[in-house]
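The structure appears below as structure tokens.
The figures that follow rest on heavy atoms only: side chains count, while hydrogens, waters and symmetry mates do not. What you see is a predicted model; the values in this text were computed from it and never measured.
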Amino acid sequence: MEDQATMSSTNQILLFLLSSSYCYYLVAKMRRGISRFIFIIPVLYFFFSLPWNFSSSFLRGIFAFFITWIASFKLLLFCFCKGPLVTCRSLVDFVAITAFPVKIRDHHDLPSPSMDSETLLKLAGNVLLQLQLNSFAGQCDATQFTNFLYGTSVFIWFHTMLASDSSPVRFMPRYELVSLFNRPYLATSLQDFWGRRWNRMSSYILRVSVYEPTRETLAGLIGSGRARVVAIITTLVVSGIMHEVILYYITCGRRPTWEVTWFFILHGLFMGLEVAFRARYWSPLPVFISVPLTVGFTVITSCWLLVLPVWRNATNKCE
């Protein structure tokens, strides 16, 4: 069984490299727009089928986020000569930026190759804690508690591998890590939380692929102010659908309840109200009021519409 799993993983890596090579050497030669999109359809199909090749819900969730969602949207932007892939000058750049949350580093901003002892201990401790959680979750019989342990493990993985001071990417002089989180517990509004502090990579991808085209298209029809509100809500709806797709993989293809989508629709509506009321009536609230309101609203709605669906439905191994 282990040999089969290793062989399957190796095959998926090779297919990913072949798909990236196909896009870099062939699709890039096509005329941008619909022509490129038609040629990347087989690659998108592979990206959407990739998570099913992993038995662990942890791995299905990771690949669903980074490949099925983010990498697919990067390729869609690439079809129209937008997004981070247009800056690639080699196949290695193309593969790295497609698969990982990195961008090409400016030559004058090279990292220090050293790691202090405190950072090294933090990295080692996080890795050991994650391994212990995975091991304990694999032996646990209580499904919901197991899901909680795997969810905690995912959080630690993101914190360990993608934190700016401990990520292995820090020691790769060619690339710069795209910081995913920027102290979200200090957000002063929902716009601040989603736009600048939480999952900044997906925020950037959604802004370039959904928000800006929607706003530019509607501005001449309904006015810039209304177009901005509609673009915000549309962006959050798309984000909700993609999170629902990730949950679909994690729950082994169970029928969606759409609670996750409603979470993002709710936040999109409130963000639209923020924009409308702030433009007409509101002056900025004091930080000691706006931060607890924003964080409290986010935590309560997250527990209600995000945590509970995963708690009820997530399954580590598909039958």
Side-chain angles (χ1 to χ4, degrees), residues 8-54 59-104 169 174-176 178 180 199-217 231 234-250 253 256 261 264:
S8 177
S9 299
T10 302
N11 290 339
Q12 301 312 313
I13 293 173
L14 290 175
L15 284 174
F16 179 82
L17 294 175
L18 288 174
S19 299
S20 300
S21 302
Y22 164 79
C23 292
Y24 181 75
Y25 288 113
L26 179 60
V27 176
K29 307 300 181 184
M30 302 293 112
R31 179 180 299 179
R32 69 177 182 178
I34 300 299
S35 298
R36 285 191 183 183
F37 173 74
I38 293 174
F39 274 84
I40 69 164
I41 289 177
V43 179
L44 296 178
Y45 176 81
F46 168 65
F47 283 3
F48 273 78
S49 63
L50 180 62
W52 294 124
N53 292 281
F54 300 93
L59 292 177
R60 290 197 304 274
I62 293 297
F63 278 89
F65 175 73
F66 282 105
I67 304 300
T68 303
W69 179 8
I70 300 300
S72 294
F73 273 53
K74 288 178 181 178
L75 285 182
L76 290 174
L77 289 170
F78 178 69
C79 291
F80 300 91
C81 290
K82 296 182 178 181
L85 292 178
V86 298
T87 63
C88 298
R89 294 295 178 266
S90 68
L91 177 60
V92 175
D93 287 348
F94 196 91
V95 172
I97 294 178
T98 301
F100 303 108
V102 297
K103 60 183 179 180
I104 297 176
V169 179
R174 175 66 174 165
Y175 306 107
E176 179 182 355
V178 177
L180 294 188
N199 204 342
R200 298 164 71 191
M201 183 175 63
S202 63
S203 296
Y204 164 74
I205 294 296
L206 289 169
R207 181 170 62 252
V208 178
S209 62
V210 181
Y211 174 79
E212 292 177 354
T214 303
R215 183 178 180 180
E216 293 171 1
T217 301
T234 303
T235 303
L236 268 293
V237 170
V238 173
S239 179
I241 293 173
M242 295 313 300
H243 279 82
E244 201 79 56
V245 170
I246 294 174
L247 184 61
Y248 182 77
Y249 289 110
I250 293 175
T261 302
F264 286 94

**Q.** Phe65 side, atom CZ; Met201 side, atom CE - distance, nearest 0.5 Å
**A.** 4.0 Å
**Q.** ring pair (Phe, Tyr, Trp, His ring centres under 6.0 Å), paired with Phe63, selected from Phe48, Phe54, Phe46
**A.** Phe54
Q: List the atom of Phe80, the atom of Gly33, and the distance in Å for their closest heavy-atom pair.
A: CE2-CA, 3.6 Å
**Q.** Validation row, ring centre Phe66 to ring centre Phe100 under 6.0 Å
**A.** no
Q: To the nearest 0.5 Å, tell me how far Ile97 CD1 sits from Ile70 CD1.
A: 14.0 Å
Q | Nearest heavy atoms of Phe264 and Leu236, plus distance in Å | A | CB-O, 3.1 Å
Q: Evaluate the side-chain contact (heavy atoms from CB on, under 4.5 Å) criterion for residues Leu206 and Phe73: first the C-alpha distance (whole Å), next the side-chain angles of each, then the deciding distance (0.1 Å), finally the verdict.
A: CA-CA 8 Å; Leu206 289 169; Phe73 273 53; 4.2 Å; yes
Q | Atom of Ile104, atom of Thr87 and distance for their closest heavy-atom approach | A | CD1-O, 3.4 Å
(Q) Can you give me the closest heavy-atom contact between Ala64 and Ile246, atom names plus distance? (A) CB-CG1, 4.0 Å
Q: Considering non-hydrogen atoms only, spot the tightest contact between Glu244 and Thr261 and give its length.
A: OE1-OG1, 2.8 Å
Q: Answer yes or no on whether Arg36 is positioned over the face of Phe78, meaning its NZ or CZ is under 6.0 Å from the six-membered ring centre and within 45° of the axis.
A: yes
Q) Looking at Arg60 and Tyr249, what are the two nearest heavy atoms and their distance? A) NE-O, 2.8 Å
(Q) Using 0.5 Å steps for rounding, measure from the OG1 atom of Thr235 to the CD1 atom of Ile205. (A) 12.5 Å
